Amino acid sequence: MPTPAPRLQAFRAGILHFVDDPAQAGDAAVVAHEDGLLVLADGKVRAFGEAAELLPGLPPEVELTDYRGRLLMPGFIDCHAHYPQTDVIASPGEQLLRWLERYVFPCEARFADATVARETAGFFCDELLRNGTTSAQCFATVHPQAVDALFAAAEARGMRMTTGLVLMDRNAPAALSVDAELAHAQGEELIARWHGRGRARYAVTPRFAATSSARQLELAGRQFAAHPGVHLQSHLAENRGEVAWVAELFPAARSYLDVFDRYGLLGERAIYAHCIHIDDTDRRRLAESGSAIAFCPTSNLFLGSGLFDIDAARAQGVGVGLATDVGAGTSFSMLRTMSEAYKVGQLRGRALSPWSAFYHATLGAARALRMEDTVGSFAPGCEGDFVVLDLQATPLLARRVERARDLEERLFALMTLGDDRAVNATWVMGECRHRRGAA
Ligand code: GUN
Ligand code: ZN
């Protein structure tokens, strides 16, 4: 039997992606075409360039979508969020530890019910798509059925999802505390069921150092080492009270990071959220081990956790991806997240450029997750995930963009004034999964 011809799709628009980190490579990191064309074959990138150059070579059967007047870029990648916290987003008045006790733990206990998990996972994935996010790495809860629910919801929508069973065996309410050996065995089953199935990837997920015994961290390190391609996610040095507590719980460790290091929890595909209260020794160790940081500006501001130093991390060579950290984070929108990242930079005296902001939500995030061969850019062979942005989405954005002198200024207006209203459509592997205004 002859192999069937691939399904060919082409999208004409202003198109932009990154081939490197603009903070290091400068303008050479950005590739932009005012009248560009993205060509997909069976949902993966075949070509990307000037429309005038690529159009004449396309066969007549190509499905051409005309997005001229819009800006198309790789789908956003959210490196760290909690789907079970969707319903406690915008819960006020506390910093991290009290906020977890008062709002998060009672909410997460409800995910023992698979119906709650399925309904919330579906809403969460739809909300990501409404905001142009096509890949995410997320926390579930301590319940295997909650992990199943998120993987299933992402699979039904074609999205790239990395998640795992949250590990907690001490300092947590009884309903959320699971024996280390039992949780380990449940993790093994989830890895067998989901890891590498389509776009699903498993992440070993110790919540943070304070809610796991030494035995649980040891088992987590073994699980991370035992399964090729498995990820690891946790929280690190987010809040001063948390850092002091972890120092009491693990008195032999040099630092919070050193706790994880001792149990084999650093390495490529390990990503730590926050990393606000760390030093250069920690940053060097993160870089040397290939671990990365999820920068969560809306969350860090909302919980009063502090100002993450992205420049110090990058100077030491640590990969950084932007993240919403919903529900401590206050928005699903990576545009809103970029805008808050910019303001954090301002408070630290170093403004984040718009190029850097969009880089850390696309290729930079893919690199932090070690997925840059698969997502984050329009390099040939990458999965065909993209967002179509409308710079005329609101009267104010349209007015500001009209006065912008160049693309960089237009992008800055977009990230400062834009949100889900600016996401005209979201495509996942060549399938349109969100169209603004559609029922
Ligand atoms: N540290 C431990 N658990 C959490 C959580 O759920 N959210 C945040 N922001 N930090 C944490
Ligand atoms: Zn988090």
Side-chain angles (χ1 to χ4, degrees), residues 78-111 120 124 136-143 146 150 162-173 176-177 203-212 216-217 220 231-246 249 256-257 259-260 265 270-278 292-308 320-332 337 340 344 365 368-369:
D78 186 346
C79 287
H80 179 92
H82 300 250
Y83 96 85
Q85 295 176 16
T86 301
D87 292 338
V88 286
I89 195 167
S91 292
E94 307 288 357
Q95 293 212 348
L96 175 65
L97 299 175
R98 279 282 305 144
W99 174 82
L100 286 174
E101 272 174 29
R102 182 171 167 192
Y103 300 112
V104 171
F105 291 155
C107 177
E108 291 192 6
R110 296 173 55 238
F111 285 70
T120 311
F124 177 86
Q137 179 156 318
C138 297
F139 272 52
T141 64
V142 299
H143 313 96
L150 183 57
T162 306
T163 187
L165 190 71
V166 171
L167 303 172
M168 289 200 278
D169 71 343
R170 64 166 168 170
N171 298 324
L176 292 176
S177 212
V204 180
T205 308
R207 175 169 220 124
F208 63 153
T211 43
S212 285
Q216 182 157 65
L217 294 178
H231 293 251
L232 183 128
Q233 56 179 346
S234 192
H235 298 92
L236 176 73
E238 173 178 7
N239 168 285
R240 289 194 188 281
E242 171 213 14
V243 173
W245 189 25
V246 169
L249 291 169
Y256 195 154
L257 182 76
V259 175
F260 290 118
L265 296 168
I271 190 158
Y272 285 91
H274 310 295
C275 300
I276 297 168
H277 309 289
I278 61 172
I293 296 175
F295 175 19
C296 312
T298 74
S299 164
N300 296 343
L301 295 171
F302 183 73
L303 291 180
S305 303
L307 305 175
F308 171 65
V320 175
L322 262 185
T324 63
D325 195 26
V326 163
T330 51
S331 175
F332 279 78
T337 304
E340 299 305 289
V344 167
L369 295 170

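Order of listing sets the numbers, starting from 1, for every ligand and every atom in it. Being a predicted model, the structure only gives us computed values, none of them experimental.
- The backbone N or O of Arg207 sits less than 3.5 Å from a side-chain atom of Ser234, completing a donor-acceptor pair.
- Relative orientation of the Tyr256 and Phe260 rings is parallel, given thresholds of 30° and 60° on the angle between their planes.
- Looking only at side-chain heavy atoms (C-beta outward), Leu167 and Val204 come within less than 4.5 Å of each other.
- For the pair Asn300/Val344, no side-chain contact is recorded, criterion being any heavy-atom separation below 4.5 Å from C-beta on.
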Quick check for students: name every N or O atom pair between ligand 1 and the protein closer than 3.5 Å, with distances.
unit_1, atom_1, unit_2, atom_2, d
ligand 1, 3 (N), Arg207, NE, 2.8
ligand 1, 6 (O), Gln85, NE2, 2.8
ligand 1, 6 (O), Arg207, NH2, 2.7
ligand 1, 9 (N), Glu238, OE2, 2.9
ligand 1, 9 (N), Asp325, OD2, 2.9
ligand 1, 10 (N), Glu238, OE1, 2.7
ligand 1, 10 (N), Glu238, OE2, 3.4

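- Formation of a donor-acceptor pair under 3.5 Å by the Asn239 side chain with backbone atoms of Glu242 is found in this model.
- For Gln233 (side chain) and Cys138 (main-chain N/O), a donor-acceptor pair under 3.5 Å exists by modelled atom type.
- A distance-only check finds a donor-acceptor pair linking the side chain of Thr298 to the backbone of Thr330 [under 3.5 Å].
- Less than 2.8 Å away from the Zn ion (ligand 2), the protein contributes these N/O/S atoms: His80 NE2, His82 NE2, His235 NE2, Asp325 OD1.
- Under the 30°/60° scheme for interplanar angles, the aromatic rings of Trp245 and Phe208 are found to stand perpendicular.
- A parallel orientation is assigned to the rings of His235 and His274, their planes being inclined by less than 30° (bins at 30° and 60°).
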